[in-house]
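Quick note on labels: first sequence line is chain A, next is B, and so on, each numbered from 1.
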Amino acid sequence: MKKLINSPESVVSDALAGMQALHPELLRVVRVDADNQIIVRADAPVRGKVGLISGGGSGHEPMHGGFVGYGMLDAACPGAVFTSPVPDQMLAATKAVDGGAGVLHIVKNYTGDVLNFEMAAELAEAEGIQVASIVTNDDVAVQDSLYTAGRRGVGVTVLLEKIVGGLAEGGASLAHVADLARKVNDHGRSMGMALTSCTVPAAGKPTFELPDDEMEIGIGIHGEPGRRRVKLAHASEVTEMLATPIIEDLGLKAGERVLAFVNGMGGTPLIELYVVASELAKILKSRDVTIARSLVGSYITSLEMAGCSITLLRLDDELTRYWDAPVHTPALRWGM
Amino acid sequence: MKKLINSPESVVSDALAGMQALHPELLRVVRVDADNQIIVRADAPVRGKVGLISGGGSGHEPMHGGFVGYGMLDAACPGAVFTSPVPDQMLAATKAVDGGAGVLHIVKNYTGDVLNFEMAAELAEAEGIQVASIVTNDDVAVQDSLYTAGRRGVGVTVLLEKIVGGLAEGGASLAHVADLARKVNDHGRSMGMALTSCTVPAAGKPTFELPDDEMEIGIGIHGEPGRRRVKLAHASEVTEMLATPIIEDLGLKAGERVLAFVNGMGGTPLIELYVVASELAKILKSRDVTIARSLVGSYITSLEMAGCSITLLRLDDELTRYWDAPVHTPALRWGM
Amino acid sequence: MPITPEDTVRWIRRIAVVLHENREYLTQLDSPIGDGDHGINMDRGFKAVIDKLPTVANMDIGSILKTVGTTLVSTVGGASGPLYGTAFLRASMATSGKHELYEADVVHMLEAALEGVKARGKAQPGEKTMVDALTPALAAMKEAEQQNAGLARLLRRGSDAAEAGMKATIPLLATKGRASYLGERSVGHQDPGATSSWLMLKALADTCA
Amino acid sequence: MPITPEDTVRWIRRIAVVLHENREYLTQLDSPIGDGDHGINMDRGFKAVIDKLPTVANMDIGSILKTVGTTLVSTVGGASGPLYGTAFLRASMATSGKHELYEADVVHMLEAALEGVKARGKAQPGEKTMVDALTPALAAMKEAEQQNAGLARLLRRGSDAAEAGMKATIPLLATKGRASYLGERSVGHQDPGATSSWLMLKALADTCA
Ligand SMILES: Nc1ncnc2c1ncn2[C@@H]1O[C@H](COP(=O)(O)OP(=O)(O)O)[C@@H](O)[C@H]1O
Ligand SMILES: Nc1ncnc2c1ncn2[C@@H]1O[C@H](COP(=O)(O)OP(=O)(O)O)[C@@H](O)[C@H]1O
Ligand SMILES: [Mg+2]
Ligand SMILES: [Mg+2]
Ligand SMILES: [Mg+2]
Ligand SMILES: [Mg+2]
């Protein structure tokens, strides 16, 4: 296992110490108990503002800790690598960011995340804090049916945290913030693929083996195998495999505008993401869909996995306005 | 070779097409001849402003193309992967950005880059354009002696493009801009290491083989082997190996302020960079050096190489002011 | 002889040992159809439980199990944290104030735990989860209780039924948890949560043998 | 028989073939002490040269070599682009207007090319670069000229000396170019640029054999 770490046990807390040391103006890392910490916006709680918290396993950096700051999240709860955080963290985060207007829990649809956030919400409400939850489920690789735990929450989560963060900054109510969160989730779809597996530090070896001439299509973000394994293909074909199900599921029509998010899984360099972006632009152009906004980079990752995901978000004026709103976090910054 | 590309021949032009498609408001990609393109700021040439151009082999993304835009570069010349661009590109870029105030060539100290930029400067001057050059050489892994081609230009190049871009935006003269460029280069030092090699698409296999229990210390950014090969070590030790030579060479003293730049080589995820950042913060703290500004992420890369580099830039008010100045490029953005 | 608080503590300690020994195995089971952390999660949780045990060692069984439950909730994370946490919390409610557990108490305790898992996870038998180990275990214990088989035999039959249930998850198509994302590819693999459930029931049978 | 424009074109075509055949080999040499692209660079450059050749095929030798030089500058990049580009441009100046090259002309041409490389690259013999193949080649050709060895033999001796010079780069410590970054680790490897220089001179000797 080749990693820049001190030990599998300390990787999360060491990385949090690094965030604290390099971004003291944006966030503070707060100890919840012996094993757990949370990342809280430097000026939290902001009076009268709905608090936004999210969380999930570590190993997806910059999500979520890298999105804590003005115009995005108020706190993030990092679990062990690929393991949902525990309710204690979510409760502590909820309390830390409640400025009296209630708290939105942004939860990616994985059984672990959902169950832990559920327990935390019960505990927070018992303490008199108003909590609303949005469960993101944008991954078209998984069928939302009785026979699955539902679609996974992936790339849309990042866009949602930004857009809803923009609204919350203006002092909107919890109900309004939760409504916009549902709208963003409804307007976006994603799909991902992997060229290589990744290695959970505590496990010490790759989660799955992938022959040199094969790739996984329809992966999540936890080093899980995907829906199917196929032979390596050109970027143009890979992009087609990801984009077509998204476009069809969203029912994108000629003349519509989207935010195109080409995301790296952690080990894929930017040059390859731009190759995928170029293929995606061709596909959208052929359908007369306009890329009105874009995001290219590794924002929701699976450790050092090589691969990418594509997220398309149908834009209207409201979503565009809050996407463009100022943001200042370690990983996303503009307008200030 | 597992890469999201269409072919080794088309990887650079495909990626440029992706940049053009996703950032039309920031830049335009211009064809120089059958094989070569350049990336030019959307509103170039800006009248009365010194034009900043840089360039080098591709495979280091986002550098340099990702730094084209307001407050940073006016144009970038991407060569084939890890191969210096040709003088035709640099000449075309120089002409495209000359707003009458002259053009600064930002050159990393590699024989190929230096020689090609030299030829381009001769050609541009023959056409009556005022050209100044800065050759960055911040890599402390290489001794600057009669027995080497001199120190390589690495991480400081990114910081220099940002800081000097900030000054140029305000309408400073070519001489003033070149002076600040030299100052930034003098104030910064870097060193890098690799956990894995990388694969040049046209070569199809890793540039070097590295056993599972070894790493390279003192690498450049072209998949070259480093100064020495050592056994894997903890992040704390790796950080020490990189930071100490930098600190000593810079002669950093207690009470000084630095910009700390923890850079990923392309295949290393952010969580590991923050682990390194945390170790770096400890080392600097123990020497009473303050991290006044920071940059963490993969900004000057070697394709999908796993590894990192550290750059420290001694800050004063002037450098801090231009670092903080607004910038809007695909890869760095703030203040607007 | 009934199960005492001392037995309970020995049981929990044994679980911790067994899960630590099976850390790699459970993680390996979680790799093809999950995210390769189940063994790590459970080991982390029961390590924390062991640290907490001294504070409750002299209390009633319900109090001991409550500490196990809250500690698992607070330290395991993932899907298994809230599920096993809820299971032990419900078991603690069923054994609240008790210093002795007889056959009927054990059945009642497991029934409460299983109901907790099903409610929290919205899970039914046949979905390739821990429920598929716990459900037959409960049925076997109920039967043993009706047959007055005695506590040791009751626990052994429960453990054996859990093992059979665990093995029976192999051909199942997962419809809950991470494994459900794999669709048909989930078939042919043993569920890690069912496996840890069996290991815990086996630890109880071994403790009271 | 002197070298004619037709010979020159055949020489350049032969270089293109040989460098294409040795693309992997040169790239491999460039991996341990460089960045693994020398074969790719040279192949790209001479492919472009071949495309341009028809436009100058009927001209004097200087014009042909000038086109080779400018094309290399415009297409190779890296260190070798400006260096070989300069070499051919200087060679073209030395052969400007000529339709026949005799022994002395060839020596003069190579001398100009080598001076160009040394000036552009600020390089001296012994630094583990292409200069270490070109320098002994020039010396050998000069000697052959003084001995009136004849053109074919002059070219062969030049090529052989380049090969020896190339091999002699193996034990050298690099002090120019990328390889110099490696310090002591550059020892024990053959310089890729010296190798391509030998291949080009060998192509000339083979063409005029
Ligand atoms: N909805 C559910 N109901 C009951 N058990 C479940 C449910 N979802 C998952 N499980 C159990 O949890 C186990 C996985 O636990 P673990 O790997 O620790 O968590 P995660 O899936 O979050 O990584 C599965 O093997 C399965 O037995
Ligand atoms: N300063 C120099 N003078 C002469 N030749 C040089 C110099 N620097 C490098 N070379 C030659 O260039 C060769 C490398 O060429 P190439 O790999 O194409 O370029 P790059 O090093 O830019 O990748 C070396 O093997 C060496 O022979
Ligand atoms: Mg997990
Ligand atoms: Mg090169
Ligand atoms: Mg798991
Ligand atoms: Mg090279």
| request: Give the member of C/Gly36, C/Gly177, C/Pro32, C/Ser74 that has the highest number of heavy-atom pairs under 4.5 Å with chain A. | output: C/Ser74
| message | Looking at every non-hydrogen atom in both residues, tell me the closest pair between A/Ala203 and C/Ile40 and how far apart they are. | response | N-CD1, 4.1 Å
| task | Might you confirm whether atom NZ of A/Lys3 has over 12 heavy atoms from other residues, nucleotides or ligands at distances under 6.0 Å? | result | yes
| request: Starting at CD of A/Glu118, measure out to OG1 of C/Thr86 and round the result to the nearest 0.5 Å. | output: 9.5 Å
| remark: Smallest heavy-atom separation, C/Tyr181 atom then A/Arg227 atom, equals O-NH1, 2.7 Å
| request: Against chain C, label A/Arg228 side chain, backbone, both or neither, depending on which of its atoms sit under 4.5 Å from a heavy atom there. | output: backbone
| said: Taking side chain as everything from C-beta outward and backbone as N, CA, C, O, which of these in C/Arg185 sits under 4.5 Å from a heavy atom of chain A? Side chain, backbone, both or neither. | reply: side chain
| field | Residue part contacting chain A, namely of C/Leu182, when any heavy atom lies under 4.5 Å | value | both
| field | chain C contact via A/Asn36 - side chain, backbone, both or neither, heavy atoms under 4.5 Å | value | side chain
| request: Could you tell me which portion of C/Ala174 (side chain, backbone, both or neither) has an atom closer than 4.5 angstrom to a non-hydrogen atom of chain A? | output: backbone
| query | Just checking heavy atoms, which of residues 77-84 of chain C are less than 4.5 Å from chain A? | reply | C/Gly77, C/Gly78, C/Ala79, C/Pro82, C/Leu83
| Minimum heavy-atom distance between A/Thr207 and C/Ser31, given as atom pair plus value | O-CB, 3.5 Å
| field | Any C/Lys176 side-chain heavy atom under 4.5 Å of A/Thr111 side chain | value | no
| query | Salt bridge between A/Glu9 and C/Lys47, side-chain N to carboxylate O under 4.0 Å? | reply | no
| Where does A/Asn116 contact chain C at under 4.5 Å (heavy atoms): side chain, backbone, both or neither? | both
| field | Distance-minimising heavy-atom pair for A/Ala149 and C/Ser180 | value | N-OG, 2.9 Å
| remark: Looking only at C/Asp37, C/Val73, C/Asn41, most heavy-atom pairs under 4.5 Å shared with chain A are made by C/Val73
| field | Heavy-atom neighbours of C/Asn58 CG exceed 12 at 6.0 Å | value | no
Identify each donor-acceptor pair in which a side-chain atom of residues 158-170 of chain C lies under 3.5 Å from a protein atom, sequence neighbours left out, and give them as a table.
| from | atom 1 | to | atom 2 | distance (Å) |
| --- | --- | --- | --- | --- |
| C/Thr169 | OG1 | C/Met166 | O | 2.5 |
| C/Thr169 | OG1 | C/Asp191 | N | 3.1 |

| request: Determine whether C/Arg44 and A/Thr83 make a side-chain contact, defined as any pair of heavy atoms from C-beta on separated by less than 4.5 Å. | output: yes
| request: Heavy-atom distances under 4.5 Å only: say whether A/Phe82 touches chain C with side chain, backbone, both or neither. | output: both
| remark: To the nearest 0.5 Å, atom CG of C/Asp30 lies from atom NE2 of A/His222 at 11.0 Å
| request: Return yes when atom CE of C/Met93 has more than 12 non-hydrogen atoms of other residues, nucleotides or ligands closer than 6.0 Å, and no otherwise. | output: no
| query | Are there more than 12 heavy atoms of other residues, nucleotides or ligands under 6.0 Å from atom NE2 of C/His108? | reply | no
| Take atom NZ in C/Lys202; do more than 12 heavy atoms of anything else shown fall under 6.0 Å from it? | no
| field | More than 12 heavy atoms from other groups under 6.0 Å of CD on A/Glu209 | value | no
| remark: For C/Arg120 and A/Leu115, the nearest pair of non-hydrogen atoms, with its separation, is O-CD2, 3.1 Å
